[in-house]
Protein chains: 2
Amino acid sequence: MAIFSKTCEYAIRAVFFLAHRSAQGGRVGIKEIAAGIGSPELYLAKILQELGRRGLVSSAKGPNGGFYLDAASLSRPLSDIVEAVDGDGIFRGCALGLKQCSETNPCPLHSQFKAIRDQIHHLLHRTTIGEFNEELVQGLLSLKK
Amino acid sequence: MAIFSKTCEYAIRAVFFLAHRSAQGGRVGIKEIAAGIGSPELYLAKILQELGRRGLVSSAKGPNGGFYLDAASLSRPLSDIVEAVDGDGIFRGCALGLKQCSETNPCPLHSQFKAIRDQIHHLLHRTTIGEFNEELVQGLLSLKK
DNA sequence: ATAATAAAGGACAAAAATATCTTTTATTAT
DNA sequence: ATAATAAAAGATATTTTTGTCCTTTATTAT
Ligand code: FES
Ligand code: FES
């Protein structure tokens, strides 16, 4: 098991890719994004459609069309992507799968895991989509392989 | 998405259940365990079979048979269960799904996530299977609902 | 207007995870 | 020895996730 679903991994990588590409103002076709992050093209298309519905990415049809991020999207937190794709289970769910995580009916791992979960939440909440553009441009960070 | 697979959640809950039940020396049938943690009986049977092969639980066939944990099992870390069921992805895998997580080819979330992953690893490694028996007996902790 | 381009949408397919069913094997008590 | 018990093992079924295909819609350039 990974922290995020595969779908969510693709979504985050794609949005990072888009962020740094559309910082220069251009639009990016699905083919280029998929090649850039190493994902199945048509599956990624579905994912971006959903993110589009939720206002996390923008797109334009026709020649010179493609996906892009506006300034508003660039400043949104990663947690928005994660919630859109994987829901809030990773933030609020019980580590051992109890119906609901609570202080009054805690599972054995509750107190320890709550602390870790909160860290994940804070990390994703304070990190914005556009935050890594510089490093991506400089090739210090990777979205592929 | 949750932290662990459903299979792994069942596995941990079942082993906790067994731990506190076999502290008094008895064996516990699969029906009772499944009812105790709220899991599908026959699916749990498969899971416990696999844990048995790996020496994490013990079992005996026939009348008065059932599952139990010996002293050795009680002192093993939770990470053994997690690795047996979910593999080591949660400890070593890249948050964004890159083939391998490394310092030389880091994804944008690498440094932040590595810290969190390490915490999860340490938590599961230092926590033993038998550790919560007292609280379970006292009903302070829950394995169901 | 027409043709070309590119995303949107709906239907379908394959793979993996979860769950169930049936038969076999080992153990115990009679 | 025999019958009853309970886990092991193997086969099958269902559901969810992941991935693909095909048609439609919107936009642009000619
Ligand atoms: S009840 Fe399990 S993590 Fe809170
Ligand atoms: S490379 Fe992604 S978490 Fe280390």
Side-chain angles (χ1 to χ4, degrees), chain A residues 1-15 18 21-22 26-69 82 84-87 89-90 97, chain B residues 1-15 18 21-22 26-35 37-69 82 84-87 89-90 96-97:
Chain A
M1 282 277 294
I3 297 269
F4 304 121
S5 69
K6 222 166 183 194
T7 306
C8 192
E9 292 172 352
Y10 292 152
I12 299 174
R13 305 217 307 265
V15 169
L18 260 181
R21 281 313 214 70
S22 56
R27 292 164 176 174
V28 194
I30 186 73
K31 249 185 249 274
E32 195 180 347
I33 306 174
I37 69 169
S39 78
E41 179 187 328
L42 293 159
Y43 189 54
L44 182 61
K46 293 295 176 199
I47 299 171
L48 290 183
Q49 275 168 38
E50 176 61 24
L51 294 184
R53 278 181 219 112
R54 297 187 180 239
L56 283 161
V57 306
S58 309
S59 65
K61 291 180 175 179
N64 305 322
F67 294 88
Y68 62 97
L69 299 186
V82 174
V85 177
D86 281 349
I90 204 174
Chain B
M1 282 277 294
I3 297 270
F4 304 122
S5 69
K6 223 166 180 190
T7 306
C8 192
E9 293 172 351
Y10 292 151
I12 299 175
R13 305 218 306 266
V15 169
L18 260 181
R21 282 312 215 71
S22 57
R27 291 165 177 175
V28 194
I30 186 71
K31 249 185 250 275
E32 195 180 347
I33 305 174
I37 69 168
S39 78
E41 178 187 328
L42 293 159
Y43 189 55
L44 183 61
K46 292 297 177 196
I47 299 170
L48 289 183
Q49 276 168 37
E50 176 61 24
L51 294 184
R53 278 180 218 111
R54 298 188 180 237
L56 282 160
V57 306
S58 309
S59 65
K61 290 181 177 180
N64 306 322
F67 293 89
Y68 61 98
L69 299 187
V82 174
V85 177
D86 280 352
I90 205 174
L96 297 190

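Quick note on labels: first sequence line is chain A, next is B, and so on, each numbered from 1. Keep in mind it's a predicted model, so treat the numbers as computed, not measured.
- Closest to the side chain of B:Lys61, from the set C:dA4, D:dG19, C:dA26, is C:dA26.
- When side chains are defined from C-beta on, B:Ile12 does not count as touching B:Val85, because their heavy atoms never get closer than 4.5 Å.
- Between A:Leu69 and A:Leu56 there is no side-chain heavy-atom pair separated by less than 4.5 Å.
- With sequence neighbours left out, B:Glu50 forms a side-chain hydrogen bond (donor to acceptor under 3.5 Å, both in side chains) with B:Arg53, B:Arg54.
- To the nearest 0.5 Å, the span separating CD1 on B:Ile33 from CZ on B:Arg13 amounts to 12.5 Å.
- Here the P atom of nucleotide D:dA7 and the CG atom of B:Leu18 are 10 Å apart, to the nearest Å.
- At distances below 3.5 Å, not a single donor-acceptor pair connects side-chain atoms of B:Ser39 with backbone N or O atoms of B:Leu44.
- Sorted by first and then second residue, the pairs that involve residues 1-11 of chain A and meet side-chain hydrogen bond (donor to acceptor under 3.5 Å, both in side chains), not counting sequence neighbours, are A:Ser5-A:Asp86, A:Thr7-A:Tyr43.
- Scanning for side-chain hydrogen bond (donor to acceptor under 3.5 Å, both in side chains) contacts around B:Ser58 gives an empty result, with sequence neighbours left out.
- Both A:Gly52 and A:Gly62 sit near DNA chain C, but only A:Gly62 has its closest nucleotide nearer the 5' end.
- Taking atom CG on B:Leu44 and atom P on C:dA17, their separation rounds to 18 Å, with Å as the unit.
- Comparing C:dT20, D:dG19, D:dA4 against the side chain of B:Pro40 picks out C:dT20 as the nearest.
- Between B:Leu96 atom CG and A:Cys8 atom SG the span is 8.5 Å, to the nearest 0.5 Å.
- Rounded to a whole Å, the CG atom of B:Leu42 is 10 Å from the P atom of C:dT22.
- Taking atom CG on A:Asn64 and atom C1' on C:dA7, their separation rounds to 14 Å, with Å as the unit.
- Summarising the geometry, the separation between CG on B:Leu51 and C1' on D:dA8 is reported as 14 Å, rounded to the nearest angstrom.
- Contact annotation: the side chain of A:Ile30 never approaches that of A:Leu42 to less than 4.5 Å [non-hydrogen atoms, C-beta and beyond].
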Map every base of DNA chain D to its dot-bracket character, where paired means a Watson-Crick or G-U wobble contact with both distances under 3.5 Å and | marks a partner outside the strand. ||||||||||||||||||||||||||||||
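- Here the C1' atom of nucleotide C:dA14 and the NZ atom of A:Lys6 are 13 Å apart, to the nearest Å.
- Side-chain atoms of A:Lys46 and base atoms of C:dG9 include a donor and an acceptor less than 3.5 Å apart.
- With sequence neighbours excluded, no residue forms a side-chain hydrogen bond (donor to acceptor under 3.5 Å, both in side chains) with B:Ser59.
- The side chain of A:Tyr10 places no N or O atom within less than 4.0 Å of a non-bridging phosphate oxygen (OP1 or OP2) of D:dT18.
- The separation between B:Leu48 atom CG and D:dA8 atom C1' is 12 Å, rounded to whole Å.
- For residues 26-38 of chain A, proximity to DNA chain D is found at no residue, defined as any non-hydrogen atom under 4.0 angstrom from a strand atom.
- Taking atom CD of residue B:Gln49 and atom P of nucleotide C:dT23, one finds them 17 Å apart after rounding to whole Å.
- The shortest side-chain heavy-atom distance between A:Arg21 and A:Arg27 does not fall under the 4.5 Å cut-off.
- Not counting sequence neighbours, the partners of A:Phe4 by the ring-ring contact (aromatic ring centres under 6.0 Å, His included) test are B:Phe113.
- Near DNA chain D, meaning a heavy atom under 4.0 Å away, the residues from residues 53-60 of chain B are B:Arg53, B:Ser59, B:Ala60.
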